[in-house]
Amino acid sequence: MAIAWWQILLLTMLAFWMIIDQITVGILANYPLLYGFIAGIIMGDVKTGLVVGATLQLMVLGVGTYGGASMPDFMTGAIIGTAYAVISGKGIDFAIGLAVPVGLLMVQLDVLARFTNTFFLHRVDRYIEKGDTKRVARNIVYGVFPWGLSRAIPVFVMLLVGNRVVQKIVNAMPEWLSKGLTAAGGILPVVGIAILLRFLPTKRFISYLIIGFLAAAYLKIPMLGVALLGLALAIIYYKQSGHPSKNNHDQQDTHKGGFENAIGEYED
Amino acid sequence: MAIAWWQILLLTMLAFWMIIDQITVGILANYPLLYGFIAGIIMGDVKTGLVVGATLQLMVLGVGTYGGASMPDFMTGAIIGTAYAVISGKGIDFAIGLAVPVGLLMVQLDVLARFTNTFFLHRVDRYIEKGDTKRVARNIVYGVFPWGLSRAIPVFVMLLVGNRVVQKIVNAMPEWLSKGLTAAGGILPVVGIAILLRFLPTKRFISYLIIGFLAAAYLKIPMLGVALLGLALAIIYYKQSGHPSKNNHDQQDTHKGGFENAIGEYED
Amino acid sequence: MAIAWWQILLLTMLAFWMIIDQITVGILANYPLLYGFIAGIIMGDVKTGLVVGATLQLMVLGVGTYGGASMPDFMTGAIIGTAYAVISGKGIDFAIGLAVPVGLLMVQLDVLARFTNTFFLHRVDRYIEKGDTKRVARNIVYGVFPWGLSRAIPVFVMLLVGNRVVQKIVNAMPEWLSKGLTAAGGILPVVGIAILLRFLPTKRFISYLIIGFLAAAYLKIPMLGVALLGLALAIIYYKQSGHPSKNNHDQQDTHKGGFENAIGEYED
Amino acid sequence: MPSANTKTEQPVKLTKHDLFQANWRWLWSSQICWNYERMMSTGYLFTMLPTLKKLYKNERDLIEMMKMHNQFFNTNAYVGGFIVGMDMAIEENKGRKAEETVAGLKAGLMGPFAGVGDTIVGVILPTIFGSIGAYMGLKGNPTGAILWLLVNFTVLILRFFLLPLGYSQGEKLIYAAGDKLNRITDAAILLGVTVVGALIPTVVSANVPLVFKTGKVALKAQTVLNQIMPSLVPVALVAFSYWLLGKKRMNSTRLIVLVLILGIVLGAFGIIGKS
Amino acid sequence: MPSANTKTEQPVKLTKHDLFQANWRWLWSSQICWNYERMMSTGYLFTMLPTLKKLYKNERDLIEMMKMHNQFFNTNAYVGGFIVGMDMAIEENKGRKAEETVAGLKAGLMGPFAGVGDTIVGVILPTIFGSIGAYMGLKGNPTGAILWLLVNFTVLILRFFLLPLGYSQGEKLIYAAGDKLNRITDAAILLGVTVVGALIPTVVSANVPLVFKTGKVALKAQTVLNQIMPSLVPVALVAFSYWLLGKKRMNSTRLIVLVLILGIVLGAFGIIGKS
Amino acid sequence: MPSANTKTEQPVKLTKHDLFQANWRWLWSSQICWNYERMMSTGYLFTMLPTLKKLYKNERDLIEMMKMHNQFFNTNAYVGGFIVGMDMAIEENKGRKAEETVAGLKAGLMGPFAGVGDTIVGVILPTIFGSIGAYMGLKGNPTGAILWLLVNFTVLILRFFLLPLGYSQGEKLIYAAGDKLNRITDAAILLGVTVVGALIPTVVSANVPLVFKTGKVALKAQTVLNQIMPSLVPVALVAFSYWLLGKKRMNSTRLIVLVLILGIVLGAFGIIGKS
Ligand SMILES: OC[C@H]1O[C@H](O)[C@@H](O)[C@@H](O)[C@@H]1O
Ligand SMILES: OC[C@H]1O[C@H](O)[C@@H](O)[C@@H](O)[C@@H]1O
Ligand SMILES: OC[C@H]1O[C@H](O)[C@@H](O)[C@@H](O)[C@@H]1O
């Protein structure tokens, strides 16, 4: 089956929207399953799209873009994989074999987009100084292009040149590089976490960093459990950081303090 | 073997005593094993009684009547089961098959008894108003009858009508009802816990509720472990809610504070 | 192969050094592997020494002399075992079979050495009273002899009398005694821990004792994890034991307190 | 609270016999008139009755204190004697002036004592001796059962020491700084709340046995729930009941009927099962 | 901080429409000009722009506040609207006087909201619905995918309540004692830091696949590392990156390039692998 | 504590050489005259001797300080140098006036340093390098053993930095608010106690290998004990020893003999075994 021009157009638009959706409304978000689904509809083979999307989805369950770190772009992978699986009729494995390296290579373009926007940031700075709110606003909105094009262009090109060329490029990737990219993908979240830690008063709350780490690393408590633990500790901290005499008295209606409640009145 | 009138009498008394024992001296408490044992002695077949009791005991290990919630009445189940196993000579499985549904049905009578005592409570209220301490005391003691009869009457009747009738009634119970009763039994402790939480200053100590929950649900720490954790946290809380400057000084005789202790006097 | 006199001499010196090394520089420390290694070199059969040492090492991984408790002296065991394995040519199993009981019996001599030094302690007391710093120093250093000889003499004797005699003595040990010694070895660390607890303000920090215990006994957190937890709790304690109003303000430069910071100036 | 330290010299002193009598009454009455409305209130009142008669000669005082002691009370009967003991020491020393303190103490301590007591008496002891006894019983050997009877006797005897212990602790606390009692109560509550938190996943057993099937792939509802949080259903049920109890026309009697019906209906439809 | 309680009556009041507009803008702009230098600063500024124009008639004030709002900001976009809401309430009431308070609030809350928000939106939701959807999708069944779309719509709608919620909370805080805001911020930070601590071993996946062989005995490097501590490599990498970020000439842009290269090189040599 | 800030100008200053000498002495002497009565007291005294002679020209002072330093002391020798360093800084600055502070510091820190030091030096390091070395050694390969020797040399060198570190920390603390030292000591003790709590189930190995049989059903005593609590026997033994040490005529020498005999007897009868 040959791909129609309107299919190329729609898939390109889907790729553009894909990254915008992620950073705004989050309807399709960064979920390969859903992009496989939509790409399947466009290609007229929902089932293939779903299977490709589902397979990729299981590879990135719970993987996200924390602190500005990039994740494997299996959304683009799902689009390309589904498209070529339907065109070539070579089945799911072929699609996945194409989608995974494409997704890993696309990471570099995500990084590029995030770099590029710095350009607009500096223009915004300039217009703030001039008090020109209109141009401030406009330049912020321009950010939409680096984002969207970083996905739309490669998808467009890949669909245009045909899968044989794409696969050649992909196959040309040596093993050491794919191993290296995989390892890099594994440790990239480190950057986001380190930045977060720099902007949090980490030293002051280092104890709780350790406790959270212990809970997850030693006790294998899942995230929600750790968040509950953090909540419990936060409430304790909040109550204790109030005036110390308070602890004993609030909500104890049976206990009618004289002197202390008089002080307590101003609290909480 | 036919059951003798004195055996019916003794087993009925045992049933009456069973619930009284539970809420007072706790010698036989709410332990099916022990009622199977005693019923076995009465029926002249200790072994059968023990096996029936032991089997039922293993089904309710650690199950209790927390916060006024009812538990499956396998104590009555053990009495009836043992009696009919000996009479009919049909063995342990028959006894258990009878004891379990009987125990589940009896739950409703426990609930009934707990309702009925409200009647005496309101009489007590009236006599308090009149300052009539004698009648106050007497009406409290009357509570013994709803309790005792809630067990004695059904056991007496069941022994009188014969196991065939009992079994018919039990067999008539549709599957949906037994599934429903089982589920209800599983969630009934919820009431007791909710009442407890209402009467505790839960909001103030919500952190510790969460911590206790995490310890049991995520880390599978058994009850004694959680109680130890609670003890540790309680001691920390107790020490901290004392004079803040104290932490540093008690038991540290070598340190002779001047200035800070002077301030410490006004605190807490 | 017969043992040469210089080998006996070297091994005896190694035994003397063994205990001194442990309590000073810790190069060979209390690690059987390393003594097996050195003894192997002396006996001209490094491999046998290594295997004997390694086998014994695996039996005492993480076992130490906490709080003055003795540990199985498998260091001496490694020396004797290696020597006789090489001399007799009977292989590793023979060596281990000799080394283990020897190591267990040697515990008694460790205890003896630790007793004996009390003698010098009391002499030190006397010379302190006289202000005789020279003799104070000298008597402390004398401690080297009970320590060193407690290992050197038995090794020397065992090498001299020959393995047959040694083995006879070892074989004569009845099963109840070896079971008893093993059990005693298992519970001896109790003494050190109890002494530590006596000298720590345990009652004041009993909560943390419980927490540490729970972490290790219920949650199986390894030592480093517990130490990290303790560190986190210690930091929290340290921050809280400062003036209570402090928590909210330090390191929050954006927040310019007036009154409270004025107080805060004296802190931390 | 300066008044807390003002001891009014009351000529009436409680004797050892009074303590024993209270203990005896607590043993037999604490749950004898148990009901959903105020649970163990009558049991507490019955226990205190002789003490009240001895301390409050004025009839108005007596009636008021009886009323107070007939308010909602619920705890574990095995360990609750301790609270009675503390109460007696305080009332003996401060009389009706202590009415509010005592009400607060009872309300504060009943929960923690319930949590800890139920755990020890209802979970730990039966688990240990129940498993020993049942193992032996299955072989027709009564040794385990008899051992258990002996343990229960021992526990019964031990219960007689708790009330006097509470009494002596209560006496000490009266002379302590006024706020120490509050701090101890608070610490006890904290312990109790922690235990109750652990009771939820331990004691409530409910799961969702629904299974969804699509072709060969089956998805168990409980598996998804577990991915969110363990014991999610018990937590939701407790939260729901707690919220209901805060409603105006709801009380414990109604709640139990409601949960019963809910359990039967959901159970019958196979939506909830006992885990 | 006595000045915190001094409310300057400002005639300008924010309307419901203003809140909705901010919400709308936050939705579309928060990450639209995202960059490594200041991440979501522009998004925040864009969101606040109409409010700023309404509140600060004086051009100098307007420029200064725009500058402040264009400082580094990064949080989870789904929950960050709450912070905007609090900010709007405070600025409405205190105007430019609140500049520092607002800067502190933003810096303090962005981390915790990132930690908690990323966890819920980035880990929990996709784990649940992603596994349901993928299981069904593998069978070619679109139900799970459609369900997920519906969930995402629901979440989108819920996001519209967060900013007004933050606004009303912010209003309350203004009247509260000055230090309550700090305590809440601190507690939120504490929660955030705890979650970040748990993110390290959860989100960073790195192990050392090296294996040493001596004869038949093989020793895996990762086994030895695990004996020291679980997740040792992730911890070391985070510590290293954290330290690097403190260096003078290092910034987030450079750090990401560096980590990328490091990962590729170590990965290519088989020293580090994804666990 | 204003006196804490009063620095008495003492002409005598400790030099780098003094610190090195102390380090050297601590290395060789800390346990050289170890005994059950006062454990490492003599080692500490020997280490401090040159410093004492330098600081206290008055003979009475010297004797008193020697006495003080010959009191019970016990810690992990590898990390204990830190305490010596702090002590030297304090004595250098405050002289005999600091006698009580130093005694408190020594008593307070020895426990925590023992706990943490024993863990690192006695458990973690040997576990890692011992397992590597033993694995290789079993194959007759000396690489692991040699690696371990090198590690031990490295540790030995590192030990020379701890005493000066303690010294500089001690100097800082002198100028800090008087109560900071106490807070740090307390925090260190807390850490130590936590570790000791974990040492109990880790280091003491004892179980009850008794098995009761009734027909075919066998009941293991240890299984029942585990149902109560893990590590129940170690806990009971520690509690018992702790209690014994509080008795008048008991001391550590006697306790060790007693535990030895107890272990042999109970072990011989098969009541206690090593787990
Ligand atoms: O971690 C907070 C936040 O950081 C960046 O802004 C992006 O990666 C977001 O996806 C993420 O939610
Ligand atoms: O939970 C406390 C207490 O509540 C009720 O009074 C009964 O169910 C008791 O068995 C239980 O001990
Ligand atoms: O436990 C601290 C310390 O106690 C004793 O001094 C010895 O057993 C040392 O090996 C140990 O480090």
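First the proteins, then the strands, lettered A, B, ... as listed; each starts at 1.
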Requested in this report: Kindly indicate whether the side chain of F:Trp28, heavy atoms from C-beta on, has any atom under 4.5 Å from the side chain of C:Val144.
Outcome: no
Query raised in the report: Does any non-hydrogen side-chain atom of F:Trp34 lie less than 4.5 Å from one of C:Trp147?
Result: yes
Query - Contact origin within F:Tyr78 toward chain C - heavy atom pairs under 4.5 Å - result: side chain
Query raised in the report: So does C:Asp93 have more than 12 non-hydrogen atoms from other groups sitting under 6.0 Å from CG?
Result: no
Requested in this report: Grab the two heavy atoms, one from C:Leu209 and one from F:Val193, that are nearest each other, plus how far apart they are.
Outcome: N-CG1, 3.5 Å
Report task. Output the option from C:Pro146, C:Ala232, C:Ala216 having the highest count of non-hydrogen pairs under 4.5 Å with chain F. Result -> C:Ala216
Query raised in the report: Can you find a pair of side-chain heavy atoms, one from F:Thr119 and one from C:Leu224, that are under 4.5 Å apart?
Result: no
Query raised in the report: Which heavy atom of F:Ile272 sits nearest a heavy atom of C:Ala183, and at what distance?
Result: O-CB, 3.7 Å
Query raised in the report: Is F:Asp186 salt-bridged to C:Arg204, cutoff N-O under 4.0 Å?
Result: yes
Query raised in the report: Once you round to the nearest 0.5 Å, how far does CE of F:Met229 lie from CG of C:Leu214?
Result: 8.5 Å
Report summary line: Nearest heavy-atom contact between C:Lys130 and F:Glu59 is O-OE2, 3.8 Å
Query raised in the report: chain C heavy atoms under 4.5 Å from F:Val233: which part of the residue, side chain, backbone, both or neither?
Result: neither
Requested in this report: Between chain F and each of C:Gly180, C:Ala54, C:Pro174, count heavy-atom pairs under 4.5 Å; write down the option with the most.
Outcome: C:Gly180
Query raised in the report: How long is the span from the OG1 atom in F:Thr202 to the CZ atom in C:Phe213, to the nearest 0.5 Å?
Result: 9.5 Å
Query raised in the report: Do you know the tightest heavy-atom contact between C:Ile187 and F:Val204?
Result: CA-CG1, 4.2 Å
Query raised in the report: Using non-hydrogen atoms only, which part of C:Thr118 is less than 4.5 Å away from chain F: side chain, backbone, both, or neither?
Result: both
Report task. Check C:Ala234 against F:Ala187 and note the closest heavy-atom contact, atom names and distance. Result -> CB-O, 3.3 Å
Requested in this report: Among F:Thr75, F:Leu125, F:Leu245, F:Ile146, single out the residue with the greatest number of heavy-atom pairs under 4.5 Å to chain C.
Outcome: F:Leu245
Requested in this report: Determine, stepwise, if the pair F:Gln31 / C:Thr24 fulfils side chain to side chain contact (heavy atoms under 4.5 Å, CB included).
Outcome: CA-CA 7 Å; F:Gln31 306 187 77; C:Thr24 59; over 6 Å; no
Requested in this report: Mind ranking F:Pro230, F:Gly43, F:Pro142, F:Ala77 by heavy-atom pairs under 4.5 Å with chain C and telling me who comes out on top?
Outcome: F:Pro230
Query raised in the report: Can you tell which of F:Trp148, F:Phe153, F:Trp26 has the highest number of heavy-atom pairs within less than 4.5 Å of chain C?
Result: F:Trp148
Report task. Could you tell me which of F:Ala145, F:Gly130, F:Gly133, F:Ala206 has the largest number of non-hydrogen atom pairs under 4.5 Å with chain C? Result -> F:Ala145
Query raised in the report: Would you find more than 12 non-hydrogen atoms of other residues, nucleotides or ligands less than 6.0 Å from F:Lys57 atom NZ?
Result: yes
Query raised in the report: Distance from C:Thr133 atom OG1 to F:Phe46 atom CZ, nearest 0.5 Å?
Result: 11.0 Å
Query raised in the report: Is a side-chain donor or acceptor of F:Asn152 paired with a backbone partner of C:Ile27 at a separation under 3.5 angstrom?
Result: yes
Report task. Please report the C-alpha distance between F:Ser41 and C:Leu121 in whole Å, then the side-chain angles of each, then the deciding distance to 0.1 Å, and finally whether the side chain to side chain contact (heavy atoms under 4.5 Å, CB included) criterion is met. Result -> CA-CA 9 Å; F:Ser41 73; C:Leu121 172 71; 3.8 Å; yes
Query raised in the report: Which heavy atom of F:Thr194 sits nearest a heavy atom of C:Val226, and at what distance?
Result: O-CG1, 3.9 Å
Query raised in the report: Heavy-atom distance under 4.5 Å to chain C: side chain of F:Val196, backbone, both or neither?
Result: both
Report summary line: Value for CE (F:Met136) from CG (C:Leu50), rounded to nearest 0.5 Å, stands at 11.5 Å
Query raised in the report: For the side chain of C:Arg198 and the backbone of F:Tyr242, is there at least one donor-acceptor N/O pair under 3.5 Å apart?
Result: yes
Query raised in the report: Quick one: does F:Glu37's side chain get under 4.5 Å of C:Phe115's, heavy atoms only?
Result: no
Query - Close side-chain approach of C:Val25 and F:Leu27, heavy atoms under 4.5 Å - result: yes
Report task. Assess whether atom CZ of C:Phe145 is packed by more than 12 heavy atoms of other residues, nucleotides or ligands within 6.0 Å. Result -> no
**Report entry** Contact winner vs chain C - F:Met66, F:Glu64, F:Met39, heavy-atom pairs under 4.5 Å
**Finding:** F:Met66
Report task. Indicate yes or no: at least one non-hydrogen side-chain atom of F:Cys33 is less than 4.5 angstrom from one of C:Tyr142. Result -> no
**Report entry** Rounded distance (nearest 0.5 Å) linking atom CE of F:Met68 with atom CD1 of C:Ile128
**Finding:** 11.5 Å
Report summary line: Heaviest contributor of heavy-atom pairs below 4.5 Å to chain F, chosen from C:Arg114, C:Gln108, C:Glu175, C:Lys47, is C:Arg114
Query raised in the report: Would you say the side chain of C:Tyr238 lies within less than 4.5 Å of the side chain of F:Ile184, judging by non-hydrogen atoms?
Result: yes
Requested in this report: Against chain F, label C:Leu33 side chain, backbone, both or neither, depending on which of its atoms sit under 4.5 Å from a heavy atom there.
Outcome: side chain
Report summary line: Applying a strict 4.5 Å limit to non-hydrogen atoms, the region of F:Asn74 in contact with chain C is side chain
Query - Among F:Ile264, F:Leu190, F:Thr42, residue most engaged with chain C (heavy-atom pairs, under 4.5 Å) - result: F:Leu190
Query - Closest-packed option against chain F by number of heavy-atom pairs under 4.5 Å, given C:Val46, C:Val111, C:Ile211, C:Thr55 - result: C:Val111
Query raised in the report: Roughly how far, to the nearest 0.5 Å, is the CD1 atom of C:Ile20 from the CD1 atom of F:Ile32?
Result: 4.5 Å
Query raised in the report: Relative to chain C, which segment of F:Ser30 carries a heavy atom at a distance below 4.5 Å: side chain, backbone, both, or neither?
Result: side chain
**Report entry** Under 4.5 Å from a heavy atom of chain F, the part of C:Phe205 involved
**Finding:** both
Query raised in the report: Considering only heavy atoms, which portion of F:Phe240 lies under 4.5 Å from any heavy atom of chain C: side chain, backbone, both, or neither?
Result: neither
Query raised in the report: F:Val151 versus chain C, heavy atoms under 4.5 Å apart: side chain, backbone, both or neither?
Result: neither
Report summary line: Of the listed C:His122, C:Gln22, C:Lys220, the one with the largest count of heavy-atom pairs under 4.5 Å with chain F is C:His122
Query raised in the report: Side-chain contact, heavy-atom cut-off 4.5 Å: F:Leu149 with C:Phe37?
Result: yes
Query - chain F contacts, top residue of C:Leu34, C:Leu28, C:Leu58, C:Ile235 (heavy-atom pairs, under 4.5 Å) - result: C:Leu34
Query raised in the report: Side chain, backbone, both or neither: which part of C:Ala215 has a non-hydrogen atom closer than 4.5 Å to chain F?
Result: neither
